[in-house]
Amino acid sequence: EPEVTQTPSHQVTQMGQEVILRCVPISNHLYFYWYRQILGQKVEFLVSFYNNEISEKSEIFDDQFSVERPDGSNFTLKIRSTKLEDSAMYFCASLVYTEAFFGQGTRLTVV
Amino acid sequence: SQQGEEDPQALSIQEGENATMNCSYKTSINNLQWYRQNSGRGLVHLILIRSNEREKHSGRLRVTLDTSKKSSSLLITASRAADTASYFCATEETSGSRLTFGEGTQLTVNP
């Protein structure tokens, strides 16, 4: 069964460092998303990406965040200068038609 | 209150009993989806119900949708210990748009 894969599964980084979270969406999917979930809280939308550009972003997705599809298959989320409050699970999702498939997530810990 | 609120926040039942979780939302929707999340893991899509549907079944799952009340319920029949997880509803306002997640219900099924 096709699946969305995310790497790494866990990343620890120092405050102020840049991190890149990677995702390989399902190959024939057209819409790509990043969500995050702070420990014990609900899942929050960050950004959606369609036709090689951002189609929607939330207020969380400020100038510190960026997304790219560098090679037509991978989909990355970059956080330029991490803050303690960026510590969360980050989920990538891809969609065709109506069902969004989520990856297993990257647990980001900022220390 | 926020889009996609579930109640109860926590539910503890015995194996074999039915579990019912409710979700309310605020805006008009294209569809409503239920996801399951085991502790610290990714989101698993369970079932999707479109705005023009009132009820849907999938195995031991039954979902209802009342768009006049902007509410949905998820019923898990004959629960098993392996059903222990957090369950989230998520609404999609238009096709391909972001999913807005609720706070989740933590279900514990005791053997």
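In the text below, chain A, chain B and the rest are named by the order of the sequence lines, each starting its count at 1.
Near-neighbour residues of residues 47-84 of chain B relative to chain A, defined by a heavy atom under 4.5 Å from a heavy atom of that chain, comprise B:Leu48, B:Arg50.
Summarising the local packing, CG of A:Asn28 is surrounded by more than 12 heavy atoms from other residues, nucleotides or ligands at distances under 6.0 Å. For B:Gln9, the CD atom is loosely surrounded, since the number of other residues' heavy atoms within 6.0 Å does not exceed 12. Remark: A:Glu85 CD is packed, more than 12 non-hydrogen atoms of other residues, nucleotides or ligands lying under 6.0 Å away. More than 12 non-hydrogen atoms from other residues, nucleotides or ligands lie less than 6.0 angstrom from CG of A:Leu84. Dense packing is recorded around CZ of A:Arg80, with more than 12 heavy atoms of other residues, nucleotides or ligands lying under 6.0 Å away.
Under the 4.5 Å side-chain heavy-atom criterion for grouping Ile, Leu, Val, Met, Phe, Trp and Tyr, A:Tyr33 is not connected to A:Ile60 through any hydrophobic cluster. In the hydrophobic cluster analysis, where Ile, Leu, Val, Met, Phe, Trp and Tyr join through side-chain heavy atoms closer than 4.5 angstrom, A:Leu77 is grouped together with A:Phe49. When hydrophobic clusters are built by joining Ile, Leu, Val, Met, Phe, Trp and Tyr residues whose side-chain heavy atoms come closer than 4.5 Å, directly or via intermediates, B:Leu32 is grouped together with B:Tyr87.
Taking all atoms of both residues into account, the shortest heavy-atom contact from A:Glu99 to B:Gln33 is CA-OE1, 4.5 Å.
For the set A:Met89, A:Gln41, A:Arg107, A:Gln37, the count of heavy-atom pairs under 4.5 angstrom toward chain B peaks at A:Gln37. Listed options A:Tyr31, A:Phe101, A:Phe91, A:Phe45 were ranked by heavy-atom pairs under 4.5 angstrom with chain B; first place goes to A:Phe45.
Heavy-atom distances place no part of B:Gln106 under 4.5 Å from chain A, backbone and side chain included. At a 4.5 Å heavy-atom cutoff, the contact between A:Ser58 and chain B is made by backbone and side-chain atoms alike. Of the atoms belonging to B:Ser86, not a single heavy atom falls under 4.5 Å from chain A.
A donor-acceptor pair under 3.5 Å is absent between the side-chain atoms of A:Tyr35 and the main chain of B:Phe101, judged by distance alone.
Between the OG atom in B:Ser97 and the CG atom in A:Leu95 there is a gap of 9.5 Å [rounded to 0.5 Å]. In this structure, B:Arg98 CZ and A:Glu44 CD are separated by 10.5 Å, a value rounded to the nearest 0.5 Å. Expressed to the nearest 0.5 Å, how far CD of A:Gln104 lies from CG of B:Leu43 amounts to 9.0 Å.
Applying the under-4.5 Å side-chain rule to Ile, Leu, Val, Met, Phe, Trp and Tyr, the cluster around A:Ile20 consists of that residue alone.
The salt bridge (charged side-chain N to carboxylate O under 4.0 Å, His left out) check on A:Glu3 picks up nothing, with sequence neighbours excluded. In this structure, the side chain to side chain contact (heavy atoms under 4.5 Å, CB included) partners of B:Ser12, at least two apart in sequence or on a different chain, are B:Thr108, B:Asn110.
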